[in-house]
Participant: 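Here you go, one structure.
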Amino acid sequence: MKPSIPKGTRDFSPSEVANRSYIMNTIKTAFEIFGFQPIETPSFENSSTLMGKYGEEGDRLIFKILNSGDFLKKADEQLLTDKESIKVTSQISEKALRYDLTVPFARYVVQHQNEITFPFKRYQVQPVWRADRPQKGRFREFYQCDADVVGSKSLWQEAEFIQLYDTVFTKLGLTKTTIKINNRKILSSIAEVIGAQDKLIDFTVALDKLDKIGQAKVEEEMLSKGISEEAIQKVQPLFNFKGSNLENLEALEQLLAASEEGLQGVKELRFVINATTELGLQSANLEVDVTLARGLNYYTGAIFEVSAPKGVKMGSIGGGGRYDDLTGIFGMKDVSGVGISFGLDRIYLVLEELGLFKTVDLPKPKVLFINFGYTEGLYCMKVISELRKQNIKAELYPDAAKMKKQMTYANNREIEYVVLAGSQEVEQEIFTLKNMITGEQQKCSKPDLIKKLK
RNA sequence: GUGGUUGUAGCUCAGUUGGUUAGAGCGUCGGUUUGUGGUACCGAAAGUCGUGGGUUCGAGCCCCAUCUUCCACCCCA
């Protein structure tokens with residue numbers, strides 16, 4: 001049998017692990033500088049915790065875990081014969097792999113509410129799983145790096161998260177990212193204006209194509225989706241969103257003048273935009289994007305999405321938003337939260353494509369001792385112990401193999417120094433130290449050797 | 001979930017309209033060099049051609065199914 005791994009999963013080589021932890025550490029460091037504390041939650045949760053939080057599409061993409069034992073015995077006979085997959089699933093599966101980090105976090109907050117001091121700022125870097133069809137930058141197992149604040153409605157949080165995005169991407173050398181921002185309140189008031197909430201998705205999808213296919217075709221698509229001519233006339237200002245963020249906001253304000261909710265959304269956006277303008281950004285661009293919808297059901301206020309620099313074909317590398325009542329589902333009212341997520345795996349691919357990885361030193365020994373046999377090996381091991389106590393990575397080749405093999409090993413692993421200590425050296429109580437880069441070698445005493453390897 | 005695409009040695013790939021024992025480069029291992037790596041030369045091992053069916057005198061090549069890869073839609077990180 002040929003060994004293989006499930007689709008959408010990956011193995012990581014030592015150099016990939018090194019690069020991944022470089023990204024991870026950059027993000028974690030930034031999180032802590034911004035005042036977030038780490039938590040971890042289980043890989044799988046009770047299905048009831050996850051189901052219904054991500055919309056219909058999301059439910060379909062949740063990996064369900066089969067109950068243990070004779071699970072079919074407990075399933076309803078009729079449902080089985082009728083092949084009612086969804087209903088049967090709820091009877092034979094009570095657990096599921098986590099789909100994101102935000103919902104488990106909300107559960108955590110409610111469960112530990114008495115131990116938590118609010119506002120609570122937590123970060124979490126863990127894998128999540130989605131039963132999606134894999135493609136470029138889309139995996140079935142991938143890491144999310146989340147930071148959220150719960151227990152504060154302050155719009156300063158939104159402004160801070162934009163600073164956080166900017167800080168991380170700047171540190172990674174990934175400049176010219178675009179942070180898109182929108183507000184759910186604006187979206188739902190646009191839905192009011194065009195006449196129907198259920199048309200909103202079609203509407204934003206069509207509007208999003210404005211740059212590519214032009215206004216006429218966009219209007220055509222909207223009409224074909226059942227949006228009235230009258231509604232399209234009303235939202236004309238949206239077609240002219242070419243100006244600055246503030247100009248766009250003004251246009252929105254006029255368009256949504258009749259909607260209290262819409263005006264509230266504009267006000268919130270304006271706060272964030274103004275704050276960010278005052279604070280400045282190092283390398284990212286902030287852009288108001290009314291077509292940004294985001295599927296996750298629980299967002300109620302600001303929504304964010306980060307896209308890679310132009311020219312890199314990649315879905316969003318980060319996203320987030322404000323959710324006013326996520327904890328309410330678990331029985332804790334009036335706790336507003338806002339948070340963002342970094343997509344580690346996609347950031348990796350973007351950095352790789354742009355050649356932005358610095359050469360990372362792989363964990364490897366600084367010096368390899370050639371194994372000549374038991375007596376010589378013991379003689380070497382004594383020095384190796386001393387070197388290790390001084391944090392110098394040293395190792396003895398495990399077998400008394402041919403010299404050539406041992407040297408080749410050192411060469412392939414790019415080990416800087418090799419020590420040869422055969423019977424001659426043992427007798428004279430010295431070591432032969434060879435520099436593998438220059439090829440030079442010299443004899444030296446034990447203290448001398450340790451000093452040279454420091 | 002819908003549509004398309006890919007699979008030949010550890011890796012990257014050749015393989016003619018279907019025709020004997022399926023090839024190359026890199027890598028691996030051995031040797032030239034039994035206390036010296038990177039270079040060079042010589043040699044070897046390694047493939048049920050993704051898997052299972054089918055068509056055919058004959059299948060790596062054609063057909064079907066399935067798995068996998070990548071891509072688009074959808075959705076998203």
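Proteins get letters first, then strands, A, B, ... in listed order; numbering begins at 1 in each.
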Participant: May I ask you to say whether Asp345(A) pairs ionically with Arg138(A), meaning some side-chain N is under 4.0 Å from a carboxylate O?
Facilitator: no
Participant: Can Lys95(A) and Glu45(A) be counted as an ion pair, charged N to O under 4.0 angstrom?
Facilitator: no
Participant: Does the rC76(B) base have a donor-acceptor partner in the side chain of Arg346(A) within less than 3.5 Å?
Facilitator: yes
Participant: Would you mind pulling out the nucleotide paired to rU56(B), Watson-Crick or G-U wobble, both distances under 3.5 Å?
Facilitator: none
Participant: Rounded to whole angstroms, how far apart are CZ on Phe304(A) and P on rC76(B)?
Facilitator: 17 Å
Participant: If I take atom CZ in residue Arg140(A) and atom P in nucleotide rC70(B), what distance separates them, rounded to the nearest angstrom?
Facilitator: 12 Å
Participant: State the pairing partner of rU17(B); accept Watson-Crick or G-U wobble contacts with both distances under 3.5 Å, and report none otherwise.
Facilitator: none
Participant: Using heavy-atom distances to pick each residue's nearest nucleotide on RNA chain B, tell me which of Met407(A) and Ile5(A) is more 5'.
Facilitator: Met407(A)
Participant: Using atom NZ of Lys405(A) as one end and atom C1' of rU36(B) as the other, report the distance to the nearest whole Å.
Facilitator: 16 Å
Participant: Return the nearest nucleotide to the side chain of Gln441(A); candidates are rU28(B), rU36(B), rA77(B).
Facilitator: rU36(B)
Participant: For Asn412(A) and rG38(B), what is the distance between atoms CG and P respectively, to the nearest whole Å?
Facilitator: 9 Å
Participant: Can you tell me, in whole Å, how much space there is between the P of rU55(B) and that of rC70(B)?
Facilitator: 35 Å
Participant: Please report the distance, rounded to the nearest Å, between CE in Met403(A) and P in rU32(B).
Facilitator: 15 Å
Participant: C1' atom, rU8(B) versus rC73(B): distance in rounded Å?
Facilitator: 32 Å
Participant: Between Tyr323(A) and Val338(A), does the side-chain contact (heavy atoms from CB on, under 4.5 Å) criterion hold? Intermediate values first, please.
Facilitator: CA-CA 6 Å; Tyr323(A) 39 92; Val338(A) 56; 5.6 Å; no
Participant: Taking rG60(B) as the reference, what is the distance to rG19(B) when you measure between their C1' atoms (whole Å, please)?
Facilitator: 13 Å
Participant: One pair to check against side-chain contact (heavy atoms from CB on, under 4.5 Å): Lys434(A) and Met407(A). What are the steps and the verdict?
Facilitator: CA-CA 11 Å; Lys434(A) 172 163 178 146; Met407(A) 293 300 283; 4.1 Å; yes
Participant: Just how far, in rounded Å, is C1' of rU2(B) from CZ of Arg138(A)?
Facilitator: 12 Å
Participant: Sticking with atom P, work out how far rA24(B) lies from rA44(B), rounded to a whole angstrom.
Facilitator: 11 Å
Participant: Quick one: on RNA chain B, does Met436(A) or Arg130(A) contact a more 5' nucleotide (nearest heavy atom)?
Facilitator: Met436(A)
Participant: Is there, by distance only and without an angle test, a donor paired with an acceptor across the side chain of Asn411(A) and the base of rG37(B) below 3.5 Å?
Facilitator: yes
Participant: Decide if the gap between the ring center of Phe169(A) and the ring center of Phe342(A) is smaller than 6.0 angstrom.
Facilitator: yes
Participant: May I have the distance from Gln135(A) (atom CD) to rG1(B) (atom C1'), rounded to whole angstrom?
Facilitator: 13 Å
Participant: Between rC71(B), rC74(B), rG35(B), which nucleotide has the shortest distance from any of its atoms to the side chain of Lys136(A)?
Facilitator: rC71(B)
Participant: Can you tell me the base-pairing partner of rA40(B)? Count Watson-Crick or G-U wobble geometry only, both distances below 3.5 Å, and say none if there is no partner.
Facilitator: rU32(B)
Participant: Can you tell me how far C1' of rU32(B) sits from NZ of Lys402(A), to the nearest Å?
Facilitator: 12 Å
Participant: What is the base-pairing partner of rA65(B), counting Watson-Crick and G-U wobble geometry with both distances under 3.5 Å?
Facilitator: rU51(B)
